[in-house]
2 protein chains.
Amino acid sequence: MDNIDLLTIENQLCFPLYVCSKEIIKKYKPYLDKLGLTYTQYITMMVLWEEKEINVKSLGDKLYLDSGTLTPLLKKLENKQYIKRNKSSKDERKLIISITPKGEELKILAKDIPTSIGKCLNLTKKESVDLYKILYKILNKIN
Amino acid sequence: MDNIDLLTIENQLCFPLYVCSKEIIKKYKPYLDKLGLTYTQYITMMVLWEEKEINVKSLGDKLYLDSGTLTPLLKKLENKQYIKRNKSSKDERKLIISITPKGEELKILAKDIPTSIGKCLNLTKKESVDLYKILYKILNKIN
DNA sequence: TCATTTTTAATTGTATACAATTGAATTATA
DNA sequence: TATAATTCAATTGTATACAATTAAAAATGA
C-alpha cells in the first residue's frame with residue numbers, strides 16, 4: 001500500500017487508542033462524581049493509596065504527568081482535604097504529598113469502580129491480557 | 001481477589017491506555033510541528049483529506065469531539081488557510097467545513113507520518129491487528 | 001398553520017496536558 | 001570551597017476536552 005493511502009482515520013492505531021481512552025474515562029464520570037474526583041485526581045489518589053507519601057516528581061513519573069498538570073491538581077485535592085502538601089525538610093526543593101484519613105476513606109467508597117468499568121468494556125480474559133501486554137510493550141519501547 | 005486490591009495503578013487497563021495515547025501523540029509532535037498542526041488538528045485534516053466537505057456535527061461524530069472543542073480548533077485551521085468555514089445554504093444551522101488547495105498539499109507533506117510512528121511503536125503485525133480489533137470492540141460496545 | 005420539539009454550532013466555565021521558563025535548593029566539579 | 005550544572009516545583013502560555021447553556025433554524029404534530 002502506498003504511504004499516502006495510510007492517511008485515513010480507519011488506518012490509524014493511535015486514533016482508536018486516543019478515543020478509547022477518552023470514552024472509557026467518560027464512563028468513570030458517574031462513579032467518580034460521587035467521590036468528588038476527576039479521572040486524573042482518581043489515578044493520583046490511587047498512587048497515594050499505595051504509597052501514602054510521595055513527592056511531586058516521583059508522582060509525575062508514575063502518572064506520566066508534569067508539575068504543570070500536577071501542581072494545580074494537587075492544590076484541588078488539598079482543598080478537598082484528601083491530601084496534604086508539605087515541603088521536605090531533608091530537601092527543600094521537594095514537596096511531599098501525603099494522604100489524609102479522609103483520603104484513605106475514599107478508597108473504600110471507590111472499591112467497586114474497577115469491576116464496574118470492567119463490565120462495560122466487555123472484554124474476554126484473553127483480550128484484557130493481550131491489551132494489557134501490548135500497551136505496556138508500547139510504553140516500555142516509547143521511553 | 002478482593003475488589004479493594006484492584007485499586008492499584010498496575011491493575012488498571014484504562015491507565016496504560018490513557019498514557020499510551022498521550023505518549024504516542026507526543027511522538028507525533030516533531031512531525032506535526034513541521035506542518036504547523038497539533039494532533040487534534042491532524043486527525044481533523046485526515047477526515048477532510050477523505051471527505052473534502054463535512055459539517056461540524058458529522059465531523060464531531062467521526063472524531064468523537066463536540067463543538068466546544070471543534071469550533072475554536074476549526075477557526076485556527078481556517079486562519080492557517082487549510083480549511084474554509086461556510087454556512088450551508090440548504091440548512092442554515094449547519095456549518096460546512098471544506099478543504100482548501102493548501103490543505104490538500106499538507107497531505108503530501110504528511111504522507112510518511114504513519115510509517116514513522118509505526119516504527120517507534122515496534123509492534124508485530126499480530127499485535128497491531130489484535131490491538132486494533134480490541135480497541136474497536138471496546139468502542140462499539142461503549143456507545 | 002403555528003406552537004412545540006429537535007437539531008446545530010457557538011459560548012461559557014472548569015479541568016486537564018504540556019512546552020518553556022523561572023527561581024530556589026542541591027549536587028558536582030574544577 | 002566557590003562556581004557551574006542539575007534538580008525540583010511553580011508559573012506562564014497555548015491547546016485541547018467536555019458539560020451545560022444559548023440562540024437560531026428546521027422539523028414535527030396537533
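Computed from a predicted structure; not experimentally measured. Reckoned from all heavy atoms, side chains included, excluding hydrogens, waters and symmetry mates.
Checking the phosphate oxygens (OP1, OP2) of dA17(D), a side-chain nitrogen or oxygen of Tyr18(A) falls inside 4.0 Å. When the side-chain nitrogen and oxygen atoms of Arg85(B) are compared with OP1 and OP2 of dA10(C), one or more of them lie within a distance under 4.0 Å. Residue Asn55(A) places at least one side-chain N or O closer than 4.0 Å to OP1 or OP2 of dA9(D). A close approach under 4.0 Å does occur between a side-chain nitrogen or oxygen of Thr38(B) and OP1 or OP2 of dT16(D). Here Lys94(B) does not reach the OP1 or OP2 of dA9(C): none of its side-chain N or O atoms lies under 4.0 Å away. Between Lys22(A) and the phosphate of dC18(D), there is a side-chain N or O to OP1/OP2 separation shorter than 4.0 Å. One finds a side-chain N or O of Lys75(B) lying less than 4.0 angstrom from the OP1 or OP2 phosphate oxygen of dT11(C). Within the 4.0 Å cut-off from OP1 or OP2 of dA17(D), at least one side-chain nitrogen or oxygen of Thr40(B) is found. Side-chain nitrogen and oxygen atoms of Lys76(B) include at least one within less than 4.0 Å of the OP1 or OP2 phosphate oxygen of dT16(D).
Here the side chain of Asp66(B) is nearest to one of dA9(C), dA19(C), dC18(D), namely dC18(D). The side chain of Ser67(A) sits closest to dA9(D) out of dA24(D), dA17(D), dA9(D). Of all nucleotides listed (dT7(D), dA9(C), dC18(C)), dC18(C) comes nearest to the side chain of Leu65(A).
Residues Tyr64(A) and Arg93(A) both approach DNA chain C. Their nearest nucleotides, taken by heavy-atom distance, put Tyr64(A) toward the 5′ side. Both Pro72(A) and Lys26(A) lie close to DNA chain D; mapped to their nearest nucleotides by heavy-atom distance, the more 5′-ward contact belongs to Pro72(A). Nearest-nucleotide positions on DNA chain D for Glu23(A) and Leu95(A) put Leu95(A) closer to the 5' end.
Residue Thr69(B) is in base contact, counting any heavy-atom pair closer than 4.0 Å across all strands shown. Counting any heavy atom pair closer than 4.0 Å across all strands shown, Lys87(B) reaches no nucleic acid atom.
A straight line from NZ of Lys29(A) to P of dA19(D) spans 7 Å, rounded to a whole angstrom. In this structure, the CD1 atom of Ile25(B) is 12 Å from the C1' atom of dA15(D), given to the nearest Å. Rounded to whole Å, atom C1' of dA15(D) lies 9 Å from atom CG of Leu73(B). What separates CG of Asp91(A) from C1' of dG23(C) is a distance of 15 Å, to the nearest Å. Rounded to an integer number of Å, the gap from Ile97(B) CD1 to dT8(C) P is 14 Å. Note: CG (Leu32(A)) to C1' (dA15(C)) measures 14 Å, nearest angstrom. What separates CG of Asp33(A) from C1' of dA20(D) is a distance of 13 Å, to the nearest Å. Summarising the geometry, the separation between CG on Leu70(A) and C1' on dA15(C) is reported as 13 Å, rounded to the nearest angstrom.
Ring centers of Tyr42(B) and Tyr31(B): at least 6.0 Å apart, outside the cut-off.
No side-chain N or O of Asp91(B) forms a donor-acceptor pair with one of Ser88(B) less than 3.5 Å apart. Side-chain atoms of Thr115(B) and Asp112(B) include no donor-acceptor pair closer than 3.5 Å.
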**Message:** Run Ile43(B) and Gln12(A) through side-chain contact (heavy atoms from CB on, under 4.5 Å) and show every step you take.
**Reply:** CA-CA 10 Å; Ile43(B) 56 176; Gln12(A) 306 307 304; 5.9 Å; no
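A salt bridge is absent between Glu78(A) and Lys75(A); no separation between the charged side-chain nitrogens and carboxylate oxygens falls under 4.0 Å. No salt bridge links Lys102(A) with Glu105(A); every basic N to acidic carboxylate O contact stays at or beyond 4.0 Å.
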